[in-house]
There are 2 protein chains.
Amino acid sequence: MIDPRIERRESKRAAIITAAWELAGRDGLAALSLHDLASTVGLRQPSLYVYFDSKMALYDALFCDGYRQLLEYTKERDYTGEPRETLVRFLRDLVEWSGADVVRYQMLFQRSVPGFEPSPASWALATEFYEVATGVLHAAGLTEASDLDLFSALISGMSSQQAANDPGGTRWSQHAERAVDMFLSAATRRRSPRKGGKK
Amino acid sequence: MIDPRIERRESKRAAIITAAWELAGRDGLAALSLHDLASTVGLRQPSLYVYFDSKMALYDALFCDGYRQLLEYTKERDYTGEPRETLVRFLRDLVEWSGADVVRYQMLFQRSVPGFEPSPASWALATEFYEVATGVLHAAGLTEASDLDLFSALISGMSSQQAANDPGGTRWSQHAERAVDMFLSAATRRRSPRKGGKK
DNA sequence: GTCTATACATCGATAGAC
DNA sequence: GTCTATCGATGTATAGAC
């Protein structure tokens with residue numbers, strides 16, 4: 001990373017990715033055009049192939065960049081500490097983050113680009129995030145598969161609604177605390193009663 | 001609707017729409033090709049323009065058809081009766097319905113076709129469904145905007161997870177009862193206590 | 001209503017000069 | 001590393017014969 005040539009190359013790559021996010025936000029993720037993208041960054045379309053092997057490789061770079069942003073966002077927030085309060089913050093932050101950039105949310109969590117499959121390297125980042133998430137849920141006492149499934153649905157629903165219907169706002173993120181309390185009290189109630197739950 | 005010519009025309013239109021669902025399921029909604037579609041129904045591509053004014057009009061017909069299916073599905077199930085049990089059924093049915101056809105779910109509830117906007121006539125069907133849904137929620141005592149937002153997020157999340165990660169299965173729909181109980185007991189607890197909630 | 005033919009645009013990708 | 005030039009495929013839409 002000290003070689004100035006590599007550094008310049010990487011910074012150009014980053015600039016292309018940034019421009020790609022903007023274009024995708026304007027025209028739609030699946031309608032992204034390499035010609036438009038190139039001219040946006042002051043290049044001709046074939047020159048993009050110096051930085052990306054194919055259009056799918058560009059999508060993969062976006063997918064990768066999105067998860068990199070998400071991991072950075074979560075890491076600088078430190079989700080350790082009192083479990084319930086941590087879970088509330090985690091949920092609220094995640095919903096807000098989703099609403100902050102609709103197209104980024106679509107790329108990471110919805111399948112809207114026909115034919116695109118993330119590479120194993122990109123999937124590794126996704127997995128890393130899901131490990132962070134399950135860690136926060138585990139700490140709060142959500143360990144059973146059914147609890148995780150249901151809470152993940154809650155996260156997913158609040159995030160997608162936030163992204164689709166109130167981007168940049170707090171219409172759904174503001175209910176993070178209520179949602180967590182509702183969920184945790186139900187989960188503990190289900191576990192403690194004298195007769196015992198199913199399974 | 002008695003004119004046999006109109007009837008034949010409508011049945012052909014319906015056949016095209018059915019084929020379009022299949023192709024979209026195979027190649028992706030945004031990658032739907034009119035050439036492929038035409039040859040699937042034994043026509044040449046230009047002949048499709050006898051039935052649809054443009055490709056966007058075809059997408060609109062799919063959107064419309066999807067909500068027509070959904071409304072038919074809900075109407076033949078009669079969501080009147082005991083409110084809590086009705087809400088459970090409504091949620092479970094909806095999540096299962098979403099998982100039964102991924103691409104239909106994407107068309108109706110996600111924005112994955114760049115440039116496509118439903119026509120007012122199609123939006124009217126969507127609105128009709130949302131009125132059914134809010135009716136079921138109202139009957140169960142969910143009337144405040146925040147309750148509706150949060151429960152709609154739950155519906156959305158369970159449906160999208162079902163469609164994305166267990167299409168045709170019951171991994172999320174099976175938790176409908178738990179989800180409703182959790183939600184309703186939280187909502188009533190929040191409303192009844194001596195000190196009173198916010199707002 | 002269906003066809004052939006075609007216009008017209010766009011796009012992803014490659015070859016090769018500089 | 002960037003360019004020009006271009007290929008080849010695909011795609012929507014239209015014109016006009018039958």
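Only heavy atoms go into these numbers, but all of them, side chains included; no hydrogens, no water, no symmetry mates. Throughout, a chain's letter reflects where its sequence line sits, starting with A, and its residues are numbered from 1. Everything numeric here is computed off the predicted structure, so don't read it as measured data.
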_Counting only heavy atoms and a strict 4.0 angstrom limit, can you tell me which residues of residues 29-40 of chain B come near DNA chain C?_
none
*In residues 44-53 of chain B, which ones come under 4.0 Å of DNA chain C, going by heavy atoms?*
B:Arg44, B:Pro46, B:Ser47, B:Val50, B:Tyr51
Checking side-chain polar atoms at under 3.5 Å, does [X] have a donor or acceptor matched by the opposite partner on [Y]?
X	Y	answer
B:Arg178	A:Ser146	yes
B:Thr170	B:Ser173	no
B:Gln69	B:Arg104	yes
B:Ser152	A:Gln161	yes

_Check for me whether the distance between the ring centres of B:Tyr67 and B:Phe63 falls short of 6.0 Å._
yes
*Quick one: is the NZ or CZ of A:Arg77 closer than 6.0 Å to the six-membered ring centre of A:Tyr73, and within 45° of its axis?*
yes
*Is the closest basic N to carboxylate O distance between A:Arg84 and A:Glu177 below 4.0 Å?*
yes
*Provide, to the nearest angstrom, the distance between the NZ atom belonging to B:Lys55 and the C1' atom belonging to C:dA9.*
14 Å
*Rounded distance (nearest 0.5 Å) linking atom OG of B:Ser122 with atom CZ of B:Arg68*: 12.0 Å
*Of B:Val103, B:Val102, B:Leu23, which meets side chain to side chain contact (heavy atoms under 4.5 Å, CB included) against B:Leu29?*
B:Val103
*Could you give the start and end, 5' to 3', of the contact zone on DNA chain D for chain A, using atoms under 4.0 Å from its heavy atoms?*
D:dG1 to D:dA5
*Which class fits the ring pair B:Tyr130 and B:Phe109: parallel under 30°, tilted 30 to 60°, perpendicular over 60°?*
perpendicular
